[in-house]
Amino acid sequence: METSWKDKSVSEQFNLYNDMLEDILGFQCIFNLIEHNQNIRHILDYGCGPGKVSERLAQRNPHYNIFAVDESQEMIDIASSIRKHDNISYHCIHNNNLAFIDSNSIDCAIICFVIINNAQRNQIITMLAEVYRVLKPKGQLILLDSNPNATGISFTTFTNGERGIRYRSGDKKKQFLKVEGQPDLILHDWYWSKQDYIEWISMTGFESIHITEATIGHLPQKARVMYEQQYQFNDWGNEVTIPPFIVFHAFKSS
C-alpha cells in the first residue's frame, strides 16, 4: 500500500496539516541557504504539493521566478487555487519529466519530502538526474526530508514510523500527521538511510554535500521567541533535542 497523492481527500487533508515544525526546522533552513546567494532568481520546487513552500518563497523576494511542479493534479489544483502568485507557475508533471524547462537554466532546486514517497531507487536517481540537468553549473540542490535517524519518535505534529521497528533501506513505513479536528492522516511511504541520500546525490553528479539537522533547542533565543509568537505555541516536545528533519545541500559541478 502507498499514499495516493492523486486522491482528492488525501490532498485536501494534507493541505490542512499544520506544518509548523517543517517551517521552523526545515523550510527556514532552505530559505536561509537560498538568500545567502543574492544571484538566485530561477527556482524549481520539485514535488511542491499544495504550494506552501513556493508561496512562502515568493513572498520573501519579488524577484524570484518559481517553477512549482508535482505529479498530483489534485495538489496542483489546490496550489493554483489558494496559493496563486504572479511569481509562481504551477505544473503537473509525469514520470519525472521536466522537458518544458531548459537545461542549465535553474539557479536552485528544492525537493521537500519527495524521496520518502518513492519506492524504487532507479526512480529516485532518474528524478535527481533530471533536476541536475535543468540546474545551471554550480546551481544548488536543497533536499529536505524526514530524518531517517528519528523513526518511531513522536514529535509535536507528527510521528515518522512506528516505535520499536528497526527499518532498513526500502522498507515500507507509516507516517502519522496530526490534523486538528480530524483523525491522524496516515501516509504510507518508504525508509531510506542517510547514506542512501548521500549516495544518490553524489552519483547523479552533485558535489560538496552539506547536511543540517536542526532542533528547537539549537535555535537562537530571539528566533525561538519569534516563532513561538508567530504560531502561538511553546509546548515543545522531542523536537527540542532530537532533529525531526534532515537537509542536504549540494552543488552541480561547474
Side-chain angles (χ1 to χ4, degrees), residues 1-8 10-11 14-15 30 34 40-55 57-58 64-81 83-146 170 187-190 192 196-207 209 248-254:
M1 185 177 185
E2 61 183 272
T3 302
S4 176
W5 293 106
K6 298 179 182 180
D7 184 303
K8 185 177 180 180
V10 173
S11 297
F14 182 75
N15 181 56
I30 292 174
I34 292 175
I40 290 178
R41 289 291 180 268
H42 302 291
I43 300 172
L44 170 65
D45 182 1
Y46 192 103
C48 67
K52 293 182 179 182
V53 180
S54 286
E55 181 185 48
L57 262 176
Y64 289 156
N65 177 29
I66 302 167
F67 294 90
V69 307
D70 202 284
E71 294 205 347
S72 167
Q73 185 63 55
E74 287 70 21
M75 287 292 193
I76 293 297
D77 289 343
I78 291 173
S80 300
S81 174
R83 297 188 177 91
K84 185 176 181 180
H85 193 284
D86 289 344
N87 292 9
I88 306 173
S89 57
Y90 291 106
H91 304 267
C92 185
I93 63 172
H94 304 284
N95 300 319
N96 304 304
N97 191 332
L98 300 173
F100 65 96
I101 302 179
D102 291 337
S103 299
N104 305 309
S105 64
I106 299 294
D107 297 303
C108 178
I110 62 176
I111 304 176
C112 300
F113 305 106
V114 174
I115 302 298
I116 58 172
N117 287 293
N118 283 271
Q120 302 297 327
R121 294 174 183 268
N122 60 346
Q123 185 175 1
I124 295 169
I125 293 169
T126 298
M127 176 184 67
L128 290 173
E130 182 68 345
V131 169
Y132 187 91
R133 177 188 68 80
V134 302
L135 279 171
K136 294 177 180 178
K138 297 185 179 180
Q140 299 184 46
L141 168 71
I142 309 174
L143 194 159
L144 166 65
D145 231 325
S146 302
L187 305 178
H188 299 266
D189 53 35
W190 285 266
W192 300 109
D196 289 325
Y197 286 84
I198 294 172
E199 178 183 330
W200 297 327
I201 293 169
S202 298
M203 72 183 299
T204 46
F206 293 98
E207 52 192 28
I209 301 171
F248 298 88
H249 183 214
F251 296 83
K252 181 174 178 175
S253 62
S254 57

Tightest non-hydrogen contact, residues Ala68 and Ile88, listed as CB-CG2, 4.0 Å
Ile93 vs Phe100 side-chain heavy atoms within contact, under 4.5 Å: yes
Do you know which two heavy atoms are closest between Ile209 and Ala250, and how far apart they sit? CG1-CB, 3.9 Å
Nearest-0.5 Å distance that lies between atom CG in Leu135 and atom CG in Leu44: 7.5 Å
Does a side-chain heavy-atom distance below 4.5 Å link Tyr132 with Ser253? yes
Minimum heavy-atom separation for Lys136 and His42, please, with both atom names. NZ-CD2, 4.4 Å
Does Asp107 reach the main-chain N or O of Ile43 with its side chain, forming a donor-acceptor pair under 3.5 Å? no
Enumerate donor-acceptor pairs with a distance under 3.5 Å from any side-chain N or O in residues 120-129 to protein atoms, sequence neighbours excluded.
{"from": "Arg121", "atom 1": "NH1", "to": "Asp196", "atom 2": "OD1", "distance (Å)": "3.4"}
{"from": "Gln123", "atom 1": "NE2", "to": "Asn118", "atom 2": "OD1", "distance (Å)": "3.2"}
{"from": "Thr126", "atom 1": "OG1", "to": "Asn122", "atom 2": "O", "distance (Å)": "2.8"}

Salt bridge (charged side-chain N to carboxylate O under 4.0 Å, His left out) with Lys52: which residues, sequence neighbours excluded? none
Can you tell me how far apart OG (Ser146) and CG (Leu144) are? Round to the nearest 0.5 Å. 8.0 Å
Gap between atom NE2 of His249 and atom CZ of Phe206 - 0.5 Å precision: 10.5 Å
First locate atom CG of Leu141, then atom OG1 of Thr204, and finally report the distance between them rounded to the nearest 0.5 Å. 7.5 Å
Donor-acceptor contact below 3.5 Å, side chain Glu71 vs main chain Asn96: yes
Hey, is the main chain of Pro50 close enough, under 3.5 Å, to the side chain of Arg83 for a donor-acceptor pair? yes
Just verifying a value: how many Å separate Ser81 OG and Asp77 CG, rounded to the nearest 0.5 Å? 8.5 Å
Which heavy atom of Glu74 sits nearest a heavy atom of Ser11, and at what distance? CB-OG, 3.6 Å
Measure the acute angle between the ring planes of Tyr197 and Phe248, then classify it against the limits of 30° and 60° as parallel, tilted or perpendicular. parallel
Within the 4.5 Å heavy-atom criterion, are Leu98 and Phe67 side-chain neighbours or not? no
Rounded to the nearest 0.5 Å, how far apart are OH of Tyr46 and CG of Leu143? 11.5 Å
Residues in salt bridge (charged side-chain N to carboxylate O under 4.0 Å, His left out) with Asp145, at least two apart? none
Can you check whether Leu57 reaches Asp45 side chain to side chain, under 4.5 Å on heavy atoms? no
Evaluate the side-chain proximity of Glu130 to Asn97: yes if any heavy-atom separation is below 4.5 Å, no if none is. yes
All heavy atoms of Asp70 vs all of Gly49, minimum pair found to be OD2-N, 2.8 Å
Stepwise side-chain contact (heavy atoms from CB on, under 4.5 Å) check, Ile78 with Phe14: CA-CA 11 Å; Ile78 291 173; Phe14 182 75; over 6 Å; no
Side chain to side chain contact (heavy atoms under 4.5 Å, CB included) with Cys48: which of Ile110, Val53, Ile76? Ile76
Of all heavy-atom pairs between Ile116 and Trp192, which one has the smallest distance, and what is that distance? CA-CD1, 4.4 Å
